[in-house]
Amino acid sequence: MTNGAAEGRAGTPVATPEGRGRNPREYGSGASSVTATKEYSHPEQQSLMEAVVGRENMLAAYKRVRANKGVPGVDGMSVNDVWGYCTLNWARIKEELLDGRYEPQPVLGVEIPKPGGGVRQLGIPTALDRLIQQALHQVLSPIFNPHFSESSYGFRPGRSAHQAVLKAREHAAAGKRWVVDMDLEKFFDRVNHDVLMARVARKVKDKRVLVLIRRYLQAGLMQGGIASKRKEGTPQGGPLSPLLSNILLDDLDKELERRGHAFCRYADDCNIYVQTKRSGERAMASITRFLTERLKLRVNADKSAVDRPWKRKFLGYSMTWHTQPRLKVAPSVVKRLKQAVREEFRRGRGRSLKKTIDTLAPKLRGWMNYFKLAEVKGVFEELDMWIRRRLRNILWRHWKRPYARARNLIRRGLTEERAWKSAINGRGPWWNSGASHMNQAFPKKYFDSLGLVSLQDQLRKAQSVR
DNA sequence: GGGGCTTGAAC
RNA sequence: CUUGUUCAAGCCCC
Ligand SMILES: Nc1ncnc2c1ncn2[C@H]1C[C@H](O)[C@@H](COP(=O)(O)OP(=O)(O)OP(=O)(O)O)O1
Ligand SMILES: [Mg+2]
């Protein structure tokens with residue numbers, strides 16, 4: 001039934017001599033509770049750093065870093081510059097890495113707004129450090145990922161938000177109709193270095209790698225002025241950070257599994273499905289204690305709650321109250337899309353309809369592609385009508401004079417009498433774009449022919465493929 | 001199977 | 001000074 005097969009870049013190149021043949025598909029789906037950890041461990045435990053700086057691995061890392069557009073870090077060096085820089089200084093950098101002497105540079109602090117309001121502090125390493133972290137990531141990922149929980153879906157190759165959402169619905173359908181929805185406060189920023197490193201050290205024996213990772217954690221955040229060493233947090237923007245965050249929260253997964261909970265975790269968003277409110281509240285209390293005491297993490301009280309699944313949103317989705325719940329797009333997400341579409345129209349005010357559709361259509365396609373799991377389809381019909389109305393609106397605005405309006409309406413097949421009546425009705429563009437003459441003159445078919453595939457049509461197509 | 005470009009989503 | 005991981009779709013190429 002696993003329809004979303006692991007394709008694309010799921011198979012991160014593994015640069016180890018023995019590790020190369022592993023199937024990316026089974027890569028993320030390690031057997032639950034494996035005791036023979038040695039078996040899956042990296043073949044070169046004592047010389048992991050050699051694997052990191054190995055030619056194959058570095059080339060793969062560089063390719064990846066370049067594929068992301070990236071920005072210059074604090075040293076102002078672009079990704080392209082790094083290639084030249086590395087070929088010139090690689091011998092020295094490699095030696096520093098192998099000797100455990102390499103010192104990372106501070107990360108560049110950038111504030112970006114987040115959707116829910118508030119700001120997110122990004123910590124962007126230099127292009128060179130992104131390259132090295134990427135190389136580390138490629139070596140560490142196959143060591144840790146196979147041992148992660150089946151219920152962990154975030155930041156993992158071969159795992160997706162879709163899988164998590166489907167599993168969540170499954171839990172609710174199985175009669176666990178209460179959810180403990182937990183989110184951590186400033187998750188990456190509050191990662192405790194010692195707690196994390198202890199967990200990394202459980203599988204990584206190479207001291208140089210451990211020291212390097214710690215130095216990356218300690219690298220200061222450059223905020224205009226100078227930066228000082230960090231005592232907590234892993235930079236939001238470091239290629240290694242997502243993997244590290246999973247290594248840290250793996251203990252949470254193991255604890256939840258030990259207690260026999262049905263749960264889905266995606267990054268710091270953890271949903272535990274239970275049968276009663278009481279048991280939910282109990283779980284919430286004890287897991288909160290576990291997180292603060294054992295992992296030194298804080299639960300975000302505002303974003304966390306024990307409630308009914310249909311009152312909560314998980315990964316952009318929500319669900320209905322039925323005993324067999326149906327997935328729906330979370331209301332806040334619909335609002336966000338409308339806002340984005342409005343913004344798109346505002347920016348392209350002077351553009352032709354065709355041009356507007358050409359930029360809008362790929363965005364809607366991508367959006368629909370993510371929310372194609374929604375089984376409540378009313379929103380899509382509503383959005384389709386809303387979008388077409390806005391498009392008719394910009395058409396109407398193009399026609400400044402009654403004569404132009406009448407001419408265009410006639411050209412679209414309206415009778416002369418009706419066209420002229422509408423052309424001079426004196427109403428505003430928004431009224432007219434919803435009026436019957438515009439709907440008749442510019443029906444759905446018209447927009448289809450211009451390349452606007454309606455959300456509903458896209459959904460039907462996606463479901464026929466499935 | 002692999003590579004390129006674009007778009008979207010989750011965090 | 002919009003970064004990172006992951007997933008996916010569309011188009012193009014071998
Ligand atoms: N755009 C992004 N780039 C890099 N890392 C991200 C991005 N979005 C989310 N993350 C990572 C870092 C976050 O700490 C982690 C969890 O996301 P999120 O819960 O939305 O924020 P947060 O935990 O940092 O703050 P909050 O207290 O509001 O929950 O996922
Ligand atoms: Mg959080």
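Computed from a predicted model, the values in this text were never measured in an experiment. Throughout, a chain's letter reflects where its sequence line sits, starting with A, and its residues are numbered from 1.
- Salt-bridge check for A:Asp181 with A:Arg312: passed, with a basic side-chain N closer than 4.0 Å to an acidic carboxylate O.
- Between the C1' atom of C:A8 and the OH atom of A:Tyr153 lies a distance of 17 Å, rounded to the nearest Å.
- Near-neighbour residues of DNA chain B inside residues 350-364 of chain A, defined by a heavy atom below 4.0 Å, number-ordered: A:Pro362, A:Lys363.
- The pair A:Lys444-A:Asp457 meets the salt-bridge criterion, with a side-chain N (NZ, NE, NH1 or NH2) lying under 4.0 Å from an Asp/Glu carboxylate O.
- Across all strands, A:Pro113 comes closer than 4.0 Å to base atoms (heavy-atom distances).
- Per the geometry, CG belonging to A:Asp181 stands 14 Å off C1' belonging to B:dA10, to the nearest Å.
- By the 4.0 Å N-to-carboxylate-O rule, A:Glu111 lies too far from A:Arg120 to be salt-bridged with it.
- A gap of 22 Å separates the P atoms of B:dG8 and C:C1, to the nearest Å.
- Remark on RNA chain C: of its neighbouring residues A:Gln236 and A:Ala161, the 5'-side contact belongs to A:Gln236, judged by nearest-heavy-atom nucleotide.
- For RNA chain C, if you chain together Watson-Crick or G-U pairs that step i with j, i+1 with j-1 and so on, the runs of at least three with distances under 3.5 Å are B:1-11 with C:4-14.
- Computed from coordinates, the A:Lys114 NZ to C:U2 P distance equals 18 Å when rounded to whole Å.
- Taking 4.0 Å as the cut-off between side-chain N and carboxylate O, A:Lys296 and A:Glu232 do not count as a salt-bridged pair.
- Distances from the side chain of A:Lys63 to the nucleotides C:G10, B:dG3, C:U3 place B:dG3 closest.
- Here the nucleotide nearest the side chain of A:Pro242, chosen from B:dA9, C:U5, B:dC11, is C:U5.
- Look at CG on A:Leu243: it is 9 Å from C1' on C:U5, rounded to the nearest Å.
- Comparing B:dC11, C:U3, C:U6 by their nearest atom to the side chain of A:Arg64 picks out C:U6.
- Seen from the ring of A:Phe447, A:Arg388 does not count as a face-on cation partner, given the 6.0 Å and 45° thresholds.
- Between the CG atom of A:Asn246 and the P atom of B:dC11 there is a distance of 15 Å, given to the nearest Å.
- If you check every strand for non-hydrogen atoms under 4.0 Å, A:Leu315 touches sugar and phosphate atoms only.
- As rounded to whole Å, 13 Å separates atom P of C:U5 from atom CG of A:Leu136.
- The side chain of A:Pro125 approaches C:U3 more closely than any other nucleotide in the set B:dA10, B:dA9, C:U3.
- A close approach under 4.0 Å does occur between a side-chain nitrogen or oxygen of A:Gln134 and OP1 or OP2 of C:U5.
- Between B:dA10 and A:Arg336, a contact under 4.0 Å exists linking OP1 or OP2 to a side-chain N or O.
- Nearest nucleotide to the A:Val110 side chain, out of C:C1, C:U5, B:dG4: C:C1.
- A straight line from CG of A:Leu373 to P of C:A9 spans 12 Å, rounded to a whole angstrom.
- Evaluation of atom-type donor-acceptor distances gives no pair under 3.5 Å for the side chain of A:Tyr370 against the base of C:A8.
- A salt bridge is defined here as a Lys NZ or Arg NE, NH1 or NH2 lying under 4.0 Å from an Asp or Glu carboxylate O, and A:Glu382 with A:Lys338 meets this definition.
- Taking only side-chain nitrogens and oxygens, A:Arg130 comes nearer than 4.0 Å to OP1 or OP2 of C:G4.
- Both A:Asp268 and A:Gly366 lie near DNA chain B, and the one whose nearest nucleotide falls closer to the 5' end is A:Gly366.
- In the set B:dG4, C:U2, C:U5, C:U2 carries the atom at the smallest distance from any side-chain atom of A:Ile124.
- Between A:Tyr317 and A:Tyr370, the ring planes lie tilted relative to each other; the angle falls in the 30° to 60° range.
- Here A:Gly154 lies out of heavy-atom contact (under 4.0 Å) with every strand.
- Contact check on A:Glu375 versus A:Lys328 returns no salt bridge, with no Lys/Arg side-chain nitrogen under 4.0 Å from an Asp/Glu carboxylate oxygen.
- The side chain of A:Leu108 sits closest to C:C1 out of C:G4, B:dA9, C:C1.
- A salt bridge links A:Arg199 with A:Asp251: the closest approach of a Lys/Arg side-chain nitrogen to an acidic carboxylate oxygen falls below 4.0 angstrom.
- Mapping A:Gly237 and A:His162 onto RNA chain C by nearest heavy atom places A:Gly237 closer to the 5' end of the strand.
- Between the CG atom of A:Asp269 and the C1' atom of C:U5 there is a distance of 16 Å, rounded to whole Å.
- Between the A:Arg326 side chain and the A:His322 main chain, no donor and acceptor come within less than 3.5 Å of each other.
- Annotation: cation-pi geometry not satisfied between A:Arg308 and A:Trp321 (NZ/CZ under 6.0 angstrom from ring centroid, within 45° of ring axis).
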